[in-house]
Each structure stands twice: as C-alpha cells, then as structure tokens.
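Down below is the structure, laid out as structure tokens.
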Amino acid sequence: DAQVPASGTAPDTTFRAVDRVFTAWRDTEGPGCALSVSSSGRIVYERGYGMANLETATPIRPGSIFHVASISKQFTAMAIMLLARDGKLSVDDNIRKYLPEIPDYGTPITIRHLLTHTSGLRDQWTLLSMARGRFEEDRITEADVMDIVPRQKALNFTPGAEYLYSNTGFTLLGVIVKRVSGQSLRAFADQRIFKPLGMTSTHFHDDYTMLVPNRTSAYEMRADGWHVGIPNFDVYGATSLFTTTGDLLKWEANFDHPVVGDRALFDQMETPARLTNGDTTTYGFGLVVARYRGARVVEHNGADAGYRSYVGRFPDHGLAIAIACNAGTANTTLLARGVADAYLGKALAPVAAPVASAPQAVTLPPGSLEKRAGAYIQPTTQQVVELVMRNGALSAGQANGPVLVPTAENRFRLGQAELVFAAGEHAGFELRPLAGGGRPVSYEWRQPAVVSAAVLGAYAGEYFSEELNARYRVAATDSNITLRTGTSNPLPARMVFIDGFQAGGYTIQFVRRRGQVSGFEITDGRVRRVMFERVAR
C-alpha cells in the first residue's frame, strides 16, 4: 500500500479506522481504491489500496489517475457558470438559442433545466443502447449523441416538472460551452479551472485512444472473476473527467478559498432545484446537497463501466473526502461515509434510528390476499410491480421477492413503504413512504394475460423507430417474445399483462389500432415511451 499520512494531523487510531474501511480493497490480486482526505483545505491522509492494473501488477498510489464518471458534471457546471459570470450566457436562456437542432417541445428547456436534471430530455446512454441493441464494443462519440438526441419527438416530462437524472443534459452543456466560448470544454476547463487550481493531473478525456501515464485500468466482476471494464466513449461533459483524488481535493478547497469563481457563484451551484409543483430536489448545479448524521454534505459520486468515484465535503466541519476505485463492485459513497465516521465521529449526530415499528400485522384469509395478486403499473414512469402468492403469503416480484406484511385488509407493509389499496375489485394502490417525506405514488391494476403461442404470435414482426433510427425484429415462442436489432443478441421479454412485457429493465407496451398490434413503446428508468411503429408486411 502507498500511504502519505501528514504528521500530527490526526491520531494513528484515526488512520487505522480509515484503513479498516478499505479492508476489502487491499488485495494485491484485485482492484482497489485511492483515497485523499483534507482538513481545512490541507491534505491529512492519502493512500492507495489494491492494484491499478492486474495484468502488470501495478499498485494503486495516491497519484494514480482514474476516470471519475459523473463527478465530471460539477466541472461542466462551473464552466457554464464562468461563462454566465462573463456575461456570455444566462442560466435561464432557452437552450435552442445555442442548440437550434434540439426540437421545440412546446415548453422551453433552459440551461438551468440541464444543470439540475429537470429538462425532461431522455438519457443518451439508454437511447444509444436501445438503438444498437447493446452498449459495449462500439466507440461512442459526441456526434453519436448529437445525432440521436435531436431525433426525439417527446420528452420524459414537461421541463421543470420532475427531477430525473439525465446525462444528455450535461453533454449538451459541454456543446454549449464550445459554441459560446469557441473552445472545447476540455480546453476551456483546462484554461479556466484546472490550471488556476494546480490540478495538473486532470483533463476532460475526449480521445479514447489517447495515452495517459499513471492511468488505472478498471474491472468488473463476472462469474469467473475480474474482467476489464473500461468506458468506450469520447463523450464528455456528463462524464470522462480523468483526475486524481489529490486534484479533486484542490477543487474542494476552492469552495472555501476561491481562486476560480466566488461564493455567490458557489451558492447558486449549491442551491437545490425547485420543481413546478413546489417540491425541492437535492440537486443543485452538478452537485448533490445532502445530510449525513445531521451534517450538511455537498457531494457527487460517479459510476462508468468498472470505475467508481466519490468527492464530497462537510462545509461546517472543514472535511473533504475524495475516493476513486477501479472496481465495479465498489460503493464509494458508503466508503466515504466510513471515512467521515472515522474523522468526525462524535461531532456527528447518532446514526439514525430505524423507522418506528409498523402496526401489528394482521392475519387475512387467503382470498383477501389472492385478490391483490397481479401486475400493477405506474402510469407516468411505466414501472411495473408484480404481486404473487407464494407459500401462502403475498410477495413482490416473481422469485424470492420480499413478503408483504398485512396491517389491515387494504394495507400492507413493504420495507420502508406501505401499499394502500383503493376500494373495489381490481383496485390499484398507492405506495406511500413511511419516513423522509415524499409523495405517494399510484399504481394501476392491469388485466392478466393467458400466455400461448397464438397470443404471443400476434406481436411477431418488424418494427421501426424514427427516434432511434433502429429496426427491431420481434419473434415469438410458446412462452415469450424476443427483440433483436442489428447484430445484438436477442432480448427475451416476458408477458406480464395484456400487451405488456418486461425485458431486462425495460417495460414494453404494445399499442393497437382497430384491434391489431401496430407498434410498441419502450421505457426504462431514464427514458420513457420511445415509439416503434410496425413495418407493413
């Protein structure tokens, strides 16, 4: 292990406590993490755990360079804010002023919407994955994103109405920087942010083939062990920042002693967005504003392929933490919480007690449980919840899902939420959080289907999406359908209700005209209702 403790800054017991947090990442035959910690702007501990490259047996050191994924977003936001301070743009400008190729969706999308993930724009990675049928192997460029995004005929939601994480917004912000400043985001950030802060090991990586000394490889775990997992794209703004944990702490120190920007600018970045319904999010401009054990923390994590990262600071305690890992299984936010515990300890509030125990469970007759079994869909997000009878109890999910605990005839406890069913047969339910606020979410019952070769055969055929410029071939068997495009492997889809299927995280809803299947819409967590039309035979 490479370590650089700053003498006299913390007792050895603190260092040992921090090292225990990284026990799982000290293997000389596995990937690991780099850590840097600062107090009042001065680095007090740096250490590398595990290996930077498993093929060359190179250890991770504090100076190892990582791709830090979505940590990139706050630097893109800073570039935009510097241009705003220069009077070159306003965060409340309509993006079509700079990006006329983006369609007019009826309600203006502003730069502020892009910065706060409230634009409604569908996420670029999901769109590209849908279009290709796979994500790996093919190099992805900014031009690919700028081809597919303007094709979209609809948004996920009206701008400002919801918060939904969208990488598309930050890629577009990078393009805006280029068009307004005349410099690439890479060059602009280097001149205006990285060089002034002495971040000499940091750059936006816009060439996948570029050589980077001290770069780590990254790894993802499969059944037979570690495999290389390195991002395959030249897209940046939303991602692709290459840096070290030490450089990230130079950036964090800038928030307390500004060299780039000023406190008024930082206050804007750290102000969570407000939605049109009055709700407040936890996201500012490229930054998450949260609380941990009562303490305010301004942070962001990152995840791309086998890279995982975190940077955050506790402004009221002068502590900043940067972690970069080259293992897809690393939970960097959890690791950072462990480091915060070691340094701040009793200065933090006690660990939150669990939610008060649920009301006493009641016993319901089998008929009362069975009538709740079935498939339910959230009409906005298209998320599907399946309730099934298993071993005499009502459970969520097809296999090994959690058991619902009845507390009344129409109320069931599920983890930290409660399902409350409406009156009547085939009634839907509201999913109500038991703690932490949040609005109830409604789910509607859907008519179950009897699966047969004849039923599934009606969906077989070819479909085309103008939004993706992709042709899908749907084939049917006796038990499911498969979807395939290009040279991708077939994606099996299971029928969960009439015209509704689940497939690898996607919800697929077929639509009909005059009773005949005419197309389908495909939805996942960050993309809603992308349309495919059936190709006439």
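For reference, positions follow the sequence shown, starting with 1. Hydrogens, waters and symmetry mates play no part in the numbers below; they use all other heavy atoms, side chains included.
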**OP:** Identify the two heavy atoms, one from C325 and one from F66, that lie closest to each other, and give their separation to 0.1 Å.
**Re:** C-CE2, 3.7 Å
**OP:** Identify the heavy atoms of G246 and S36 that sit nearest to each other, and give their distance.
**Re:** N-OG, 3.5 Å
Original post:
If you measure from CG on N156 to CG on L164, what distance do you get to the nearest 0.5 Å?
Top reply: 5.5 Å
**OP:** Give the intermediate values and the outcome of ring-ring contact (aromatic ring centres under 6.0 Å, His included) for residues F75 and H203.
**Re:** CA-CA 10 Å; F75 295 93; H203 71 276; over 10 Å; no
**OP:** Grab the two heavy atoms, one from Y208 and one from N232, that are nearest each other, plus how far apart they are.
**Re:** CE1-CA, 3.6 Å
**OP:** With sequence neighbours left out, write down each residue that passes ring-ring contact (aromatic ring centres under 6.0 Å, His included) with F255, or none if nothing qualifies.
**Re:** W251, F266
**OP:** Under the side chain to side chain contact (heavy atoms under 4.5 Å, CB included) rule, what do Y463 and L483 come out as? Steps first, then yes or no, please.
**Re:** CA-CA 10 Å; Y463 299 79; L483 298 89; over 6 Å; no
Original post:
Without hydrogens or angle criteria, can the side chains of T239 and H67 be said to hold a donor-acceptor pair below 3.5 Å?
Top reply: yes
**OP:** Please list, chain by chain and in numerical order, all residues satisfying salt bridge (charged side-chain N to carboxylate O under 4.0 Å, His left out) with K153, sequence neighbours excluded.
**Re:** E466
Subject >> Pairing residues for R526 by the salt bridge (charged side-chain N to carboxylate O under 4.0 Å, His left out) criterion, not counting sequence neighbours >> reply: none
Subject >> side-chain hydrogen bond (donor to acceptor under 3.5 Å, both in side chains) involving E533 - partner list, sequence neighbours excluded >> reply: R513
**OP:** Applying side-chain contact (heavy atoms from CB on, under 4.5 Å), name anything that partners S217, two or more places apart in sequence or on another chain.
**Re:** N53, Y219, V228, I230
Original post:
Looking at residues at least two apart in the chain, or sitting in another chain, which of them share a ring-ring contact (aromatic ring centres under 6.0 Å, His included) with Y506?
Top reply: none
Original post:
Under 3.5 Å, is there a donor-acceptor pair between the side chain of N94 and the main chain of T110?
Top reply: no
Original post:
How long is the gap from CG on D147 to CG on L127, to the nearest 0.5 Å?
Top reply: 11.0 Å
Original post:
How about D267: does its CG atom have over 12 heavy atoms from other parts shown lying under 6.0 Å from it?
Top reply: yes
**OP:** With side chain to side chain contact (heavy atoms under 4.5 Å, CB included) as the test, would you mind laying out the steps for I102 and Y105 before giving the verdict?
**Re:** CA-CA 9 Å; I102 300 300; Y105 294 107; 4.2 Å; yes
Original post:
Are any side-chain N or O atoms of Q152 and backbone N or O atoms of I148, one a donor and one an acceptor, separated by less than 3.5 Å?
Top reply: yes
Subject >> Side-chain donor/acceptor of T216 to backbone N/O of I65, under 3.5 Å >> reply: yes
Original post:
Quick one: do R263 and E270 make a salt bridge, cutoff under 4.0 Å?
Top reply: yes
**OP:** Compare every heavy atom of V68 with every heavy atom of S309, then report the nearest pair and how far apart it is.
**Re:** OG-O, 2.8 Å
Subject >> Closest non-hydrogen atom pair between L275 and T118, with its separation >> reply: CD2-CG2, 3.8 Å
Original post:
Are the charged groups of E299 and R337 less than 4.0 angstrom apart, N to O?
Top reply: yes
**OP:** Please tell me if the side chains of R151 and L468 come closer than 4.5 Å, counting only heavy atoms from C-beta onward.
**Re:** no
**OP:** For the residue pair H117 and F170, categorise the inter-ring angle as parallel (less than 30°), tilted (30 to 60°) or perpendicular (more than 60°).
**Re:** tilted
Subject >> Contact summary for P440 and R432, nearest pair of heavy atoms >> reply: CB-CG, 3.9 Å
**OP:** Check whether any side-chain heavy atom of T243 lies under 4.5 Å from a side-chain heavy atom of I71, and answer yes or no.
**Re:** no
Original post:
Are a donor atom and an acceptor atom from the side chains of Q383 and Y443 found within less than 3.5 Å of each other?
Top reply: yes
Subject >> Residues that R85 engages under salt bridge (charged side-chain N to carboxylate O under 4.0 Å, His left out), provided they are two or more places apart >> reply: D262
Original post:
In terms of side-chain geometry, is the basic nitrogen of R122 or D524 positioned less than 4.0 Å from the acidic oxygen of its partner?
Top reply: no
Original post:
Just checking, is any N or O donor in the side chain of K73 or Y283 under 3.5 Å from an acceptor N or O on the other one?
Top reply: no
Original post:
Is the backbone N or O of R484 less than 3.5 Å from a side-chain atom of S488, with the two atoms forming a donor-acceptor pair by type?
Top reply: no
**OP:** Measure from the side-chain N and O atoms of E252 to the backbone N and O of I321, and report whether any donor-acceptor pair falls under 3.5 Å.
**Re:** no
Subject >> T141 backbone acceptor or donor facing D234 side chain under 3.5 Å >> reply: no
**OP:** Evaluate the side-chain proximity of P272 to T282: yes if any heavy-atom separation is below 4.5 Å, no if none is.
**Re:** no
Subject >> Test log, rule side chain to side chain contact (heavy atoms under 4.5 Å, CB included), inputs Y98 and R96 >> reply: CA-CA 5 Å; Y98 312 102; R96 297 187 75 246; over 6 Å; no
Subject >> Side-chain donor/acceptor of S119 to backbone N/O of I109, under 3.5 Å >> reply: no
Original post:
Does the side chain of S240 come within less than 4.5 Å of F233's, by heavy atoms?
Top reply: yes
Subject >> Flag side-chain contact, heavy atom, 4.5 Å: K250 against D247 >> reply: yes
Subject >> Non-hydrogen side-chain atoms of T202 and I193 separated by less than 4.5 Å >> reply: no
**OP:** List for me each residue that meets ring-ring contact (aromatic ring centres under 6.0 Å, His included) alongside Y310, sequence neighbours excluded, and say none if there are none.
**Re:** none
Subject >> Sequence-distant partners of D92, salt bridge (charged side-chain N to carboxylate O under 4.0 Å, His left out), two or more places apart >> reply: R112
**OP:** Spell out, as yes or no, whether a donor-acceptor pair under 3.5 Å connects the side chain of T76 to the backbone of G174.
**Re:** no
Original post:
Checking T168 side chain against Q124 main chain: does a donor-acceptor pair fall under 3.5 Å?
Top reply: yes
Please tabulate, for the side chains in residues 496-504, all donor-acceptor contacts under 3.5 angstrom to protein atoms that are two or more places apart in sequence or on a different chain.
{"residue": "D499", "atom": "OD1", "partner": "Y459", "partner atom": "OH", "Å": "2.7"}
{"residue": "D499", "atom": "OD1", "partner": "R512", "partner atom": "NE", "Å": "3.1"}
{"residue": "D499", "atom": "OD1", "partner": "R512", "partner atom": "NH2", "Å": "3.0"}
{"residue": "D499", "atom": "OD2", "partner": "R512", "partner atom": "NE", "Å": "2.9"}
{"residue": "Q502", "atom": "NE2", "partner": "T507", "partner atom": "OG1", "Å": "2.9"}

Subject >> Salt-bridge contact E220-R222 (side-chain N to carboxylate O under 4.0 Å) >> reply: no
**OP:** Could you check if a side-chain atom of S181 sits within less than 4.5 angstrom of a side-chain atom of K88, using non-hydrogen atoms only?
**Re:** no
Original post:
Does anything in residues 98-109 pair up under salt bridge (charged side-chain N to carboxylate O under 4.0 Å, His left out), and if so which pairs, sequence neighbours excluded?
Top reply: E101-R179
Subject >> With sequence neighbours excluded, residues passing ring-ring contact (aromatic ring centres under 6.0 Å, His included) with Y472 >> reply: F532
Original post:
Has R215 got its NZ or CZ under 6.0 Å from the middle of the six-membered ring of F242, at an angle within 45 degrees of the ring axis?
Top reply: no
**OP:** Would you please test D190 and K195 for side chain to side chain contact (heavy atoms under 4.5 Å, CB included) and show each step?
**Re:** CA-CA 6 Å; D190 192 55; K195 277 192 168 68; 2.5 Å; yes
Subject >> pair T116-T281: side-chain heavy atoms closer than 4.5 Å >> reply: no
Original post:
Do any N or O atoms from the side chain of R308 and from the backbone of A305 form a donor-acceptor pair under 3.5 angstrom?
Top reply: yes
